[in-house]
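Below: the structure, in structure tokens.
Just so it is clear, the values below take in all heavy atoms, side chains as well, and ignore hydrogens, waters and symmetry mates. A note on names: the letters A, B, ... follow the listed sequences, proteins ahead of strands, and every chain is numbered from 1. Quick caveat, the model's predicted, so the values are computed rather than measured.
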Amino acid sequence: MAGRRMCFDIFFCCLVVIFGGSCGAEFVPVLVWESNKPTDVQISSPALKKYSTDDFADFFINKLSAFGKKPLVVVFTEENLSVEDFSWQDLAENSVFPHLESVIATAANVDFIPSVSNPLKALQRLEKLGYQWQTVRDLETMNVPEHGGVVMVLEMENAKVDEDRPDFLRRHDCLISSVYSRLVSQADDVVAVYTGRYSSWIEPENEPVLHRVRRLLVEPAPNATVMLMNTSSILIYASDKPQVTESDIKKILTLLPDTVKRKESATYQSVRAKFSTNSTDQIILEFFFFNSTSSPGYWSLENVTYYINSPNHTNKMVLTPESGIVAPVMFSYHCSSKTVFKAVNISLTFQNFQAQPYMEKTKAFDDAYNCELFFTPPIWSGLFVTSILAFIMMWGLAMIMDIRTMDQYDDPKGKTITISVSE
Amino acid sequence: MLRTRVAYTFLGTGSAALIVIILYYVFTGKGERVSVGWFLEQTSPYMWATVGIGLSVALSVVGAALGIHTTGVSIVGGGVKAPRIKTKNLISVIFCEAVAIYGLITAIVLSGMLEPFTFTRAMDIPEIRGQNWLSGYLMFGAGLSVGLVNLFCGIAVGIVGSGAALADAANSALFVKILIVEIFGSAIGLFGLIVGIYMTSKVKMGDKM
């Protein structure tokens, strides 16, 4: 019962959060200007504050109350408007609102509030103060009211199909300035508001939509020291150039990407590539991936054959991995510590090695079998022995707790028992 | 009861942990990684051998101790009213003690067979590896079997000895007959020792074939 009530409470809270979030999310800029300065009273607003609907309503009503008689309020609303529209400039550093700029230059008490939540709702409160609400649908048949006390709302239409946003805003700019000048010529005090209903966070230009594709296999940058061998069914990666130590001489191998070749037989797949070093030696490494016959469904990297062509000698050696590289087919093998292939007097080291053969598509590695286990054999041995000891401990404790002393007939105040010994 | 609560906690936590771990491996397609064979192959034969040695002496002594506790308490209690039983009934205690001796012998024999071996040589030569791993498992098995057998033998002999002491206290003619029951009980401890010694005859640790 209590559980069911808790579920209901959680559901209710989620609903509130969702609705509250959706309502309170939109913040639009508001530009307010007046045709005449009513008095010397200046009402300014803090520049970067986020205004709630109530705050903006208070601010606007304060503004209007500075007038003697009620002014004419004209509200130009767009569907989408944001601060970026006001600050947008084209290449010639012209803004989208040239006419509006000239209007504001001659206007009084210009206020620009960058983020107000739902300003239209705040303006609707003017109706309660005695303002008449008038929605203008057609500009031709618009009749300018002779007296003030009217809120004229002009909802400007949406963009045409082939119009981009700067042109669309310029068109509206012309419209606003023409309507405003008409009103100013006919009414005494005009307070103009330019705002939007929703924020236009993304400019709807003809831009290609950016899809972020998550790539498991990052294409190496040209200067990166990443080794990547990619053939039709085998993928080998190392985060650093491999290093060969041959009788105490260290060499760093750089892969020549065009020399990567694949070979396949019934029991193995192999990939072979040429590597260059800083000396004139040329080294060929061939990785042999055997499909295991002893345990079917597994592949293993049995050995790496190392051919060296140097001016002094040519040599072929078979290097075996220090720890077995085995993984099931459809899994890759990965080791973040060094992967070492050894033979007598020679060792080949890879850092962050990852390999997978028998792939259908070599776009990305499949899930990796890591060389670092979570439960290593020593951990398991420890757990095994500790559990034996813990079990013995539990048993011992249980036995100790079962000890009952023979105190049924004990009577500290009674006579002590005496036994007559008869031998 | 506290003991049941402790037992349930122990078992419950263990089972929950085991289920979560195993299901993680199964659901990520790595089910074959949960491998008892891998565990047996990768763990060191030293661990198995030494655990076997420890268990052989430890479990035998636990059995002997429980037996002596049970029978000793009865002898002491019965001896209060019938002091004649004290000397004769010590034979029950000796039977329990013998069980501990079996465990000790096995442990000493197994310890003598524990030899070091080099890991790389074992990895290179499969026969050496097989031999050492076999020895590890054999010593574990021998120790475990001797230990468990002596544990239960000791408990059994103790309970019978306790009954014998009390019966002797009541009627001294009964003792000899009850002693036969005890002898049979003691024989089973000997079985464990025989099996353990027979298993350890195959043990050969070290680097040589």
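- For Leu40(B), no part lies near chain A; criterion is any non-hydrogen pair under 4.5 Å.
- Taking Lys81(B), Gln42(B), Arg33(B), Lys30(B) one by one and counting their heavy-atom pairs under 4.5 Å with chain A, the maximum is reached by Arg33(B).
- At distances below 3.5 Å, at least one donor-acceptor pair connects side-chain atoms of Trp133(B) with backbone N or O atoms of Glu41(B).
- Proximity to chain B is absent for every atom of Met330(A), based on heavy atoms less than 4.5 angstrom apart.
- Between the side chain of Thr362(A) and the backbone N or O of Asn230(A), no donor-acceptor pair lies under 3.5 Å.
- Interface remark: Ile388(A) contributes side-chain atoms only to the contact with chain B (heavy atom separation under 4.5 Å).
- For Ser162(B) (side chain) and Gly158(B) (main-chain N/O), no donor-acceptor pair under 3.5 Å exists by modelled atom type.
- The part of Phe331(A) that comes within reach of chain B is its side chain, from C-beta onward, which places non-hydrogen atoms under 4.5 angstrom from that chain.
- Put simply, the side chain of Ser135(B) gets close to the backbone of Lys204(B): a donor and an acceptor are under 3.5 Å apart.
- Contact count against chain B (heavy-atom pairs under 4.5 Å) is highest for Asp402(A) among Asp367(A), Asp402(A), Ile419(A).
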**Asked** Between Asn352(A) and Asp240(A), is a side chain to side chain donor-acceptor pair (under 3.5 Å) present by the stated rule, with each step listed?
**Response** CA-CA 8 Å; Asn352(A) 236 321; Asp240(A) 237 332; over 6 Å; no

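- For Ser44(B), no part sits under 4.5 Å from any heavy atom of chain A, backbone or side chain.
- Residues of residues 373-383 of chain A having a heavy atom under 4.5 Å from any heavy atom of chain B, listed by number: Leu373(A), Phe374(A), Phe375(A), Thr376(A), Pro377(A), Trp380(A), Ser381(A).
- Note: Thr70(B) OG1 to Ile155(B) CD1 = 8.0 Å, rounded to the nearest 0.5 Å.
- A pairwise comparison of heavy atoms in Met317(A) and Val344(A) identifies CE-O, 3.7 Å as the closest pair.
- For Thr71(B) (side chain) and Ile68(B) (main-chain N/O), no donor-acceptor pair under 3.5 Å exists by modelled atom type.
- With a 4.5 angstrom heavy-atom cutoff, Leu59(B) does not touch chain A via any of its atoms.
- Distance CD1/Ile91(B) to SG/Cys96(B): 11.5 Å, rounded to 0.5 Å.
- Contact check on Lys263(A) versus Glu286(A) returns a salt bridge, with a Lys/Arg side-chain nitrogen under 4.0 Å from an Asp/Glu carboxylate oxygen.
- If you measure heavy-atom distances from Tyr25(B) to chain A, the contacts under 4.5 Å come from the side chain alone.
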